[in-house]
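Down below is the structure, laid out as structure tokens.
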Amino acid sequence: MSSFNEDDAFEAAVSRPSLSQLAMQGAREAAFGAPKSTKYLDDLNPAQREAVEALEGPVLILAGAGTGKTKTLMARVAHLITTDSARENEILAVTFTNKAAKEMQDRLRRTPFSLNEPVRWMGTFHSISAKLLRRHAELVGLKSNFTILDTDDTIRLLKQLISAAGIDEKRWPARQLAGMIDSWKNRALTPSAVSGGEGSEFNGMGVKLYAQYQERLLTLNAVDFGDLLLHMVVIFQKHPDLLAQYQRWFKYILVDEYQDTNVAQYLWLRLLAGGHKNICCVGDDDQSIYGWRGAEVGNILRFEKDFPGAKVVRLEQNYRSTPHILAAASSVIAGNKDRLGKELWTSETEGEKVRLIGHWDGEEEARWVGEEIEALHGGTRARLRKYSLDDIAILVRASHQMRAFEDRFLSIGLPYRVIGGPRFYERMEIRDAMAYFRIVTQLEDDLAFERIINTPKRGVGDKALQDIQITARSNGVSLLEGAKIAVDEGLLKGKARSGVAQLIADIERWSSLNGPRIRYAVEEDDEPFEEDVLFEDERTSDDELSVFEDIGYFGERARPARPKLEEEDALVEDVAYDPAEIGHIELAEKILDESGYTAMWQNDKSPEAPGRLENLKELIKALEQFDNLAGFLEHVALIMDNDSGEDGEKVTIMTLHGAKGLEFPVVFLPGWEEGLFPSQRSMDENGTKGLEEERRLAYVGITRAEELCTISFAANRRVYGQWQSQLASRFIDELPVDHVDVETPSGLYGGQRSPATSYEASPSTSFEQRASKADVYNSPGWKRMQDRAQRAGSPRSPVTIDMKANASFTLGDRVFHKKFGYGEVMEIEGDKLAIEFDRAGTKKLVAGFVVPADQAGDVPF
DNA sequence: GTGGTCGATATTTTT
DNA sequence: TATCGACCAC
């Protein structure tokens, strides 16, 4: 099989070989196949190249921030394929987030070499595990069409178990139990493996409840996120023959962000890499910030022991940030003891120093940042270029810090986007809609049924629900069946009865319309062990296979729901359409309409309602990319795609955690105060380990910046409504003085910001010397600000008025704001409005951010 | 079964 | 200070 290789064609065209050469080449190609181009190696630096070319055996790539990690990884994939070491299909590439997986796919597409087929086993630990578990579900007592529960489902389930166990839910919240179970699963502990001491936590019932929970999941034919991995680890451990097949299949394994792996993931990898040991892990111990979530930095620190003879390659040349920014980051991270050691460097020489500034309070800080952003955006900052708002990010330690910025930006009319809030699929309306889809797709999905039985209101309360649950349990059937019996036997009365009866009829009708029940051929080589590799006893039986096919769990690669009669569809066997079937998109709309769910939000007057309807529309739109509801549900269970098509330039506000892996020309790092950052709680709960993780967070924050990094802190901050005076963070003392400019605080009622004056460090400071909070506290600007503050009294921020154009509202107008809802205009001051919101109180806003009440739903951000 | 009030509570977050 | 959940009154 010869394939056209673009690179070769390109080279041939450029070098213009003679006809005879061409003929020779043709002959050679016919005999040996086209010579493979390794152009992707050309723009790698020596370290990257070394990492790419070390194909065999265990390799650890220690890739500092901004050192071309993804590029290197993808060049490695290219190299594996070009050197015929593996086919696309035999490479397992694992990431943590879908975003990272997607980025790899994109990157791979841009790598100069040509794929013969897609690299299919590239995805998150969870999505790959789900794919594997669907094949082998029966080995852990599940059916292949199991449901993947999210955190919310889990908590509701645990609540039931806790109250059934007669435990006071108040003292022992389900959340806490969920956290414990999760951490057990993160450590690959099945109930029987949990140690006695730990298991008797949670009022002595910890493990018992864990075991009960697992049983319940099995009867529900459901798994939680942790199970996806844990079940696979258990399967691999119990079935060495099966494991051996996968070991043989996945010839090369690549792992991204290895420092974030937990024990279960580590075992998962170790098992799969156990045969050939061709495992290449990329990571940065300095960016391990998920210890609290079960990540074990130990995994990366121990790599060489786990895989003797491992090759370790360090990527230290940074292509992202200026030298000052790198110096600051290096200087801070040097404070950590447990490190593999790495020093970032750059060939760049130019750049602004890291800016450090103290403010009087949090609002002042937000005000200053707002003004800075306007200046940067306007291009009026000396020595600096003009920036798009998209170039600018504010990275905070805790999400509550975002508020000050949101409030401020709202009132000066600076567009921003908050990343990280509730994820799309976590929103109430999305989950409700999904629950409808779930019950229709799987009539036994009790949790889904429970969720929607009274949404919208059908007069079904706790009592009615309980009756149904009892009926279902005593008959050993699903809730839906139980409900049917309860209706038939007259156990339900009045409203509840008619409501439930209607719902049951609806669900059955929708379900009958749910399709399409296409049988589509699984593409050749899509999965290991089709035909040739599959051992006879492991072959999925025809029955089971048809389950997959019917519900479309191979849906990602499946053909369109109603394939047109094109040639390739000749592969589709046995296409059976029921003429009564409607497409899944229409069905979804039908369900939401007929259930009254859409109407419920249309009649809702709360500020969120229009947004929720909007989200539902997006949900429907998202369906277009799938062939059927089942395939879609799988996607949503595992993916948080929050990329709602945003319009216009916006400043990004997000947490430091959320910023890992991203980069911005301009970064603001506010709130560097003891207790807040480093977080007091982190230090209290995890001591030095906690502090080191906080420090790594600081490192991550600084290294996000390409051109300009501004660190700030406030002397006073409102914490839970109480004013507290704050001390500048110890991390500030760890900044290298020669790479930092101390800016003059504008101070209380300062209004005008003084021009960027570089604070001259005392002559005795050497290159290695650290900056100090004292530099700020002793700066003339700080003293001036303190004086003013003392004269003015309590800490509070001035309100500046920006006179921007337009908007015509009259006193008393009813208006709508996306965040605050409906309200009435009470005051007008230029283009600024004071609005008394029905629910959110009185706010001052720029007129551009509200619309007349009758145009709700069409508000700028 | 719904709506209101009161009190406890308060990082970081992916799948 | 703000939010969420539980409990109580209609």
Side-chain angles (χ1 to χ4, degrees), chain A residues 94-101 123-130 148-152 154-155 159 163 168-171 173-175 179 182 185-186 223-230 257 260-262 264-265 288-295 362 395-404 407 419-423 425-426 454 457-465 493-496 499 634-642 654-661 671 675-686 690 693-694 696-697 700-701 717-724 839-841:
Chain A
V94 210
T95 63
F96 275 83
T97 63
N98 291 295
K99 208 167 97 193
T124 64
F125 277 102
H126 295 269
S127 68
I128 290 170
S129 294
I148 301 169
L149 301 187
D150 58 35
T151 331
D152 207 60
T154 298
I155 301 249
K159 265 189 185 153
S163 67
D168 181 11
E169 251 186 82
K170 244 187 175 156
R171 284 198 46 202
R175 290 206 156 279
D182 194 52
K185 288 185 177 175
N186 283 160
V223 299
D224 62 20
F225 290 127
D227 283 337
L228 288 172
L229 285 144
L230 187 48
E257 306 278 15
D260 287 338
T261 48
N262 60 36
Q265 286 154 343
S288 164
I289 55 175
Y290 285 108
W292 49 273
R293 207 165 74 185
L395 309 181
V396 297
R397 172 66 244 262
S399 50
H400 65 249
Q401 290 172 262
M402 294 178 178
R403 236 205 87 164
D407 283 353
I419 309 251
R423 272 159 257 311
Y425 80 93
E426 272 174 11
N454 199 34
K457 307 252 181 296
R458 295 190 178 88
V460 184
D462 283 347
K463 177 78 171 54
L465 180 57
K493 311 241 150 56
K495 243 191 188 165
E634 173 90 342
H635 167 87
V636 180
L638 290 170
I639 275 163
M640 39 117 0
D641 242 348
N642 217 0
M654 58 160 79
T655 62
L656 288 161
H657 284 92
K660 195 170 81 159
L676 179 59
F677 188 41
S679 139
Q680 192 57 51
R681 190 153 162 186
S682 188
M683 293 186 294
D684 288 348
E685 287 173 10
N686 296 301
E693 185 153 311
E694 295 288 307
R696 290 193 288 266
L697 211 40
V700 168
R717 195 174 287 277
R718 223 184 337 207
V719 182
Y720 303 139
Q722 224 55 48
W723 279 103
Q724 266 190 356
R839 302 186 165 219

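Since the structure is predicted, the reported quantities are computational estimates derived from the model, not experimental observations. So that the names make sense, note that chain A is the first sequence line, chain B the second, and so on, each numbered from 1.
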Just by modelled atom types, is the A:Ser679 backbone N or O under 3.5 Å from a matching donor or acceptor in the A:Glu694 side chain? yes
A:His657 side chain vs A:Ile289 backbone, donor-acceptor pair below 3.5 Å: yes
Given the P atoms of B:dT12 and C:dG5, what is the spacing between them in whole Å? 16 Å
May I have the distance from [X] (atom [atom1]) to [N] (atom [atom2]), rounded to whole angstrom?
X: A:Asp684; N: B:dA10; atom1: CG; atom2: P; answer: 13 Å
X: A:Glu693; N: B:dT11; atom1: CD; atom2: C1'; answer: 11 Å
X: A:His400; N: B:dT11; atom1: NE2; atom2: P; answer: 8 Å
X: A:Gln722; N: B:dT9; atom1: CD; atom2: C1'; answer: 15 Å
X: A:Leu229; N: B:dT15; atom1: CG; atom2: P; answer: 13 Å
X: A:Tyr290; N: B:dT15; atom1: OH; atom2: P; answer: 9 Å
X: A:Phe96; N: B:dT14; atom1: CZ; atom2: P; answer: 13 Å
X: A:His126; N: B:dT13; atom1: NE2; atom2: C1'; answer: 12 Å

To the nearest 0.5 Å, what is the distance between CD (A:Gln401) and CG (A:Leu656)? 8.0 Å
Once you apply a heavy-atom cut-off of 4.0 Å, does [X] come out as touching a base, just sugar-phosphate, or nothing?
X: A:Gly459; result: sugar-phosphate
X: A:Lys457; result: sugar-phosphate
X: A:Glu257; result: nothing
X: A:Thr97; result: sugar-phosphate
X: A:Ser682; result: base

Compare the ring of A:Trp292 with the six-membered ring in the base of B:dT12 and state whether they stack (centres under 5.5 Å, planes under 30°). yes
Ring-base stacking, A:Tyr720 with C:dA2 (5.5 Å, 30° cut-offs): no
Salt-bridge contact A:Arg293-A:Asp260 (side-chain N to carboxylate O under 4.0 Å): no
Which listed nucleotide ([options]) is nearest to the side chain of [X]?
X: A:Asn454; options: B:dT15, B:dT2, B:dT12; answer: B:dT2
X: A:Asn98; options: B:dT12, B:dT11, B:dT15; answer: B:dT15
X: A:His657; options: B:dT2, B:dT15, B:dT12; answer: B:dT12
X: A:Arg718; options: C:dT1, B:dT15, B:dT12; answer: C:dT1

For A:Ser127 and A:Thr124: C-alpha separation, side-chain torsions, deciding distance, then whether side chain to side chain donor-acceptor pair (under 3.5 Å) applies. CA-CA 5 Å; A:Ser127 68; A:Thr124 64; 3.1 Å; yes
Answer yes or no: side-chain N or O of A:Arg397 and base N or O of B:dT12 forming a donor-acceptor pair under 3.5 Å. yes
